Undergrad: 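Please see the structure below; I have some questions.
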Amino acid sequence: MTRYLAVELAPKNIVVNAVSPGMLLSDALQHFAAIRQDKDIIQRAVACTPAGRLVTPQDIAGVVAFLCSPQASMIRGQVIQVDGGYTLPIPGILVQENPGANDRKSR
């Protein structure tokens, strides 16, 4: 939808982008059953985040402010992931390196 709107509205000089935050450190987390049931989930998320902390509302506000600035005028139709690197694959930790490599026989 973001890309479609960016193309559709570009002739009117309207810039469209989206911001996709990761786990946001705020009181809203308490509304999720998984958070209420597993008190260690936040600490595990922090441990799996290369930045070493969760995203804050200020982090999101900074990205949105940048996207609204003239410096970002050529960024269009993008979804900006703001998650401290949580969704990056970390070889050997979150993603198995060369899955099935040991199953292959040399010929």
Side-chain angles (χ1 to χ4, degrees):
M1 182 172 202
T2 302
R3 294 174 69 81
Y4 169 80
L5 288 173
V7 171
E8 185 74 19
L9 299 173
K12 297 177 181 182
N13 201 28
I14 297 174
V15 177
V16 178
N17 290 296
V19 176
S20 178
M23 186 182 286
L24 187 70
L25 189 58
S26 73
D27 293 338
L29 283 177
Q30 298 309 315
H31 295 284
F32 292 93
I35 299 294
R36 292 191 309 269
Q37 294 168 1
D38 183 355
K39 298 299 180 187
D40 295 329
I41 197 168
I42 293 174
Q43 289 78 20
R44 287 197 310 277
V46 169
C48 291
T49 303
R53 65 178 179 82
L54 295 183
V55 177
T56 66
Q58 293 79 13
D59 295 322
I60 302 305
V63 172
V64 171
F66 171 71
L67 289 172
C68 292
S69 73
Q71 291 82 8
S73 65
M74 294 305 290
I75 300 173
R76 295 173 182 241
Q78 301 303 307
V79 177
I80 310 299
Q81 188 79 25
V82 183
D83 66 1
Y86 182 83
T87 55
L88 295 174
I90 302 171
I93 297 175
L94 300 178
V95 177
Q96 181 183 1
E97 292 181 25
N98 296 326
N102 294 334
D103 296 340
R104 294 185 199 139
K105 295 180 180 178
S106 56
R107 296 176 191 216

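None of the values given here were measured: they were computed from a predicted structure. Any value given below was found using the heavy atoms of this structure, including those in side chains, with hydrogens, waters and symmetry copies removed.
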Undergrad: Quick check on the hydrophobic clustering: are Ile35 and Val46 connected, directly or via other members, by side-chain heavy-atom contacts under 4.5 Å?
TA: yes
Undergrad: Quick one: are Val64 and Leu67 in side-chain contact, heavy atoms under 4.5 Å?
TA: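 No, side chains not in contact.
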Undergrad: Taking the side chain as every heavy atom from C-beta outward, state whether Ser73 and Val15 have any pair of such atoms under 4.5 Å apart.
TA: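 No, too far: nothing below the 4.5 Å cut-off.
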Undergrad: So, for Gly77 and Arg3, which heavy atoms are closest and what is the spacing to 0.1 Å?
TA: O-CG, 3.0 Å
Undergrad: When clusters are formed by joining ILVMFWY residues with side-chain heavy atoms under 4.5 Å apart, either directly or through shared neighbours, do Leu9 and Tyr4 land in the same one?
TA: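 Yes, Leu9 and Tyr4 fall within the same hydrophobic cluster.
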Undergrad: Is there a path of hydrophobic side-chain contacts, each under 4.5 Å between heavy atoms, that joins Val19 and Phe66?
TA: yes
Undergrad: Quick one: does any side-chain atom of Glu8 pair with a main-chain N or O of Ala6 as donor and acceptor, under 3.5 Å?
TA: no
Undergrad: I want to check something: taking the side chain as every heavy atom from C-beta on, are Phe32 and Ile41 in contact at a cut-off of under 4.5 Å?
TA: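 Side chain of Phe32 against side chain of Ile41, heavy atoms only: no contact under 4.5 Å found.
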Undergrad: Provide the closest heavy-atom pair for Gln30 versus Lys39 in the form atom of the first, atom of the second, distance.
TA: OE1-NZ, 4.4 Å
Undergrad: Treating Ile, Leu, Val, Met, Phe, Trp and Tyr as nodes and any side-chain heavy-atom pair under 4.5 angstrom as an edge, say whether Val63 and Val16 lie in one connected cluster.
TA: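 No, separate clusters.
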Undergrad: Taking Ser26 for its side chain and Ala28 for its backbone only, find out whether a donor-acceptor pair lies under 3.5 Å.
TA: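 Yes, because the side chain of Ser26 sits within donor-acceptor range (under 3.5 Å) of the backbone of Ala28.
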Undergrad: If you group Ile, Leu, Val, Met, Phe, Trp and Tyr by side-chain heavy-atom gaps below 4.5 Å, do Ile80 and Val55 land in one group?
TA: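 Yes, Ile80 connects to Val55 through the hydrophobic network.
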Undergrad: Which pair of non-hydrogen atoms, one from Leu54 and one from Ala45, has the smallest distance, and what is that distance?
TA: CD2-CB, 4.0 Å
Undergrad: Tell me the closest heavy-atom pair linking Asp27 and His31, and the distance in Å.
TA: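 Residues Asp27 and His31, closest heavy atoms: O-CD2, 4.1 Å.
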Undergrad: CG of Asp83 to CE of Met23: how many Å apart, nearest 0.5 Å?
TA: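 CE of Met23 is found 11.0 Å from CG of Asp83.
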Undergrad: Search all heavy atoms of Ile14 against all heavy atoms of Arg76 and return the closest pair with its distance.
TA: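 Closest approach of Ile14 to Arg76: O-NH1, 4.3 Å.
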Undergrad: For Ser20 and Val79, which heavy atoms make the closest approach, and how far apart are they?
TA: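 Scanning both residues completely, I find the closest heavy atoms to be CB-CG1, 3.8 Å.
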